[in-house]
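Treat the numbers as computed from the prediction; the structure is a model and nothing was measured. Quick note: numbers below take in every heavy atom, side chains included, and nothing from hydrogens, waters or symmetry partners. Below, chains carry the letters A, B, ... as their sequence lines are ordered, and counting in each starts from 1.
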There are 2 protein chains.
Amino acid sequence: MARRSDHAPDELKRLASDAGRAIASEEGLRGLTVRRVAERIGYAPGTLYNLFANLDDLIVQINGSTLDALGVVLAEAAKADPEDRPRKLVEAYFDFVESRPRLWSMLFEHRLPEGEDLPDWYRPKLAALLALVAEALGPLMQDQTFEARQAIIVTMWAGLHGISTLAVSSKLTLVAETDPRQLGHLLVQRMLGR
Amino acid sequence: MARRSDHAPDELKRLASDAGRAIASEEGLRGLTVRRVAERIGYAPGTLYNLFANLDDLIVQINGSTLDALGVVLAEAAKADPEDRPRKLVEAYFDFVESRPRLWSMLFEHRLPEGEDLPDWYRPKLAALLALVAEALGPLMQDQTFEARQAIIVTMWAGLHGISTLAVSSKLTLVAETDPRQLGHLLVQRMLGR
DNA sequence: CGCTTTTATTGAACGATGTTCAATTGAATA
DNA sequence: TATTCAATTGAACATCGTTCAATAAAAGCG
């Protein structure tokens, strides 16, 4: 069989990454296989290699769209009054992680093979997220130099990521039950010097 | 063939996890396969299943020993004068990550299958590391309640983890080149309120 | 409309993976 | 020496990512 054209090429690519995202959000990275995506959209495994370079490529695409979704959520939170933004942003971040734990995990669980780099469009997407947060919190860091602000934002960002990662893999609960959100708020407060 | 007894059972188990660690530190989680570990120690693949429940078990064992090694390094740094400990601990942490990037990555890159939990001995090992840091930095947090100290330490811990993770997977370098160590120091300073 | 060209799609094939388990064989025991 | 025991094997199974010659359907053309 050939040239079925049940779907336009772009449409088919979307269909495939949607199917991949569905599988990943249900079963995580471990359950995401080429054959299962193909089966889900009713095509042969080989077809996916016309749409994506390989499975890693498909995963990176899905991760990219996860970053986009996170951006939407954070942008919404950034509309709050400047003094409220730290709390709102942290809440939005953890809401996002909790609503899509497996997709969010895949963002960091997946590693490209040694020597391969993320595609060119990925890093700007990440930088845009950071810029969004930096702009939202700018009014609260007016006494800081540009470099200092940059460092604060990146540290906050990485810190929230660390808290969420350990929470999701349940490597955070030790003796006492520690709420990830509270740690997030604590982190942001201290990083903003309040 | 059977009962070769070239090695005592415990000895063989050590041999296998050493081989696994060697492979992982050279090629990361992706290169760590049952067959390659078996080949490296001169046994058949099936033999590994007498020593470990499965590949996940072997990985968790290696991760456990990585935590131990990190503990040794941090304990050494904690011997410094109380005021120097924040800097020394951060330096020790990043030294460790940079000296074993792939082993350290495996600590967080690896996820057990859905529903499976880390073994009972793993969580205490993690808690001991946190306790070490908490004790070392206790003198610098005397104005804090026990709960507050706990939260500060865990947040620092998760934050360092986040910074290192993003740095190792090169998702930290955005516009300007940001040194992970400096971010680590910044984080710890602010979390300790200095 | 028929013929040719193009190309999207297939699915068998390859090598590699984790895991199982009956068979084997060396050591320990009697 | 004969028997029991258990450590070790390696073939087998299902699955994986990936490739690619074959194919069939659409598009182009006379």
Side-chain angles (χ1 to χ4, degrees), chain A residues 1-17 19-21 23-24 26-63 106 109-116 119, chain B residues 1-17 19-21 23-24 26-63 106 109-116 119:
Chain A
M1 220 177 305
R3 180 72 67 92
R4 308 191 331 194
S5 288
D6 298 352
H7 309 91
D10 296 1
E11 197 184 348
L12 185 52
K13 189 163 181 174
R14 252 197 108 82
L15 214 61
S17 62
R21 182 170 28 253
I23 294 172
E26 288 162 13
E27 311 177 34
L29 184 54
R30 268 176 127 109
L32 181 54
T33 73
V34 172
R35 285 174 159 85
R36 293 196 48 200
V37 172
E39 186 189 25
R40 194 134 170 169
I41 63 176
Y43 280 75
T47 300
L48 289 181
Y49 288 82
N50 298 358
L51 311 172
F52 305 95
N54 48 40
L55 180 58
D56 285 312
D57 183 22
L58 170 57
I59 293 171
V60 171
Q61 302 275 349
I62 295 173
N63 280 346
M106 201 169 75
E109 201 179 333
H110 176 256
R111 301 278 307 265
L112 288 172
E114 191 89 356
E116 266 187 61
Chain B
M1 217 175 304
R3 179 77 67 93
R4 307 190 332 193
S5 289
D6 298 352
H7 310 93
D10 297 1
E11 196 183 349
L12 185 52
K13 189 163 182 175
R14 253 197 107 82
L15 215 60
S17 61
R21 182 169 28 253
I23 293 172
E26 289 162 13
E27 311 178 32
L29 183 55
R30 265 177 130 106
L32 182 55
T33 74
V34 172
R35 284 173 158 87
R36 294 197 47 200
V37 172
E39 186 189 25
R40 192 134 171 168
I41 64 176
Y43 280 76
T47 300
L48 289 182
Y49 288 82
N50 298 358
L51 310 171
F52 305 95
N54 47 39
L55 180 58
D56 285 312
D57 182 23
L58 170 57
I59 292 171
V60 171
Q61 302 274 349
I62 295 174
N63 280 345
M106 200 169 76
E109 202 177 334
H110 176 255
R111 301 277 307 263
L112 287 172
E114 191 88 357
E116 266 187 62

Measuring from the side chain of [X] (C-beta onward, heavy atoms only), which nucleotide among [options] has the closest atom?
X       : options               : answer
B:Asn50 : D:dC16, D:dT8, C:dG18 : D:dT8
A:Thr47 : C:dT19, D:dT8, C:dT10 : C:dT10
A:Arg35 : D:dT8, C:dA13, C:dG18 : C:dA13
A:Leu12 : C:dT9, C:dT17, D:dT8  : C:dT9
B:Ala44 : D:dT18, C:dG18, D:dT9 : D:dT9

Would you mind reading off the distance between [X] atom [atom1] and [N] atom [atom2], rounded to a whole angstrom?
X       : N      : atom1 : atom2 : result
B:Asp56 : C:dT17 : CG    : C1'   : 13 Å
B:Arg36 : C:dG15 : CZ    : P     : 18 Å
B:Leu32 : C:dG18 : CG    : C1'   : 12 Å
B:Tyr49 : C:dG18 : OH    : C1'   : 4 Å
B:Tyr43 : C:dT19 : OH    : C1'   : 20 Å
A:Arg30 : C:dT17 : CZ    : P     : 16 Å
B:Ile23 : C:dT17 : CD1   : C1'   : 14 Å
A:Leu29 : D:dC16 : CG    : P     : 13 Å

Presence of salt bridge, A:Arg40 and A:Glu26, under 4.0 angstrom: yes
A:Leu12 vs A:Asn50, side chain to side chain contact (heavy atoms under 4.5 Å, CB included): CA-CA, chis, key distance, verdict: CA-CA 10 Å; A:Leu12 185 52; A:Asn50 298 358; over 6 Å; no
Expected output: side-chain B:Arg111 to main-chain A:Arg30 donor-acceptor under 3.5 Å: no
Atom pair CZ (A:Arg36) and CD1 (A:Ile23), whose distance is rounded to the nearest 0.5 Å: 5.0 Å
Gap separating the CG atom of B:Asp56 from the CD atom of B:Glu116, nearest 0.5 angstrom: 6.0 Å
Sugar-phosphate, base or nothing in reach of A:Leu51, heavy atoms under 4.0 Å: nothing
Short side-chain N/O contact from A:Thr33 to OP1 or OP2 of D:dC16, under 4.0 Å: yes
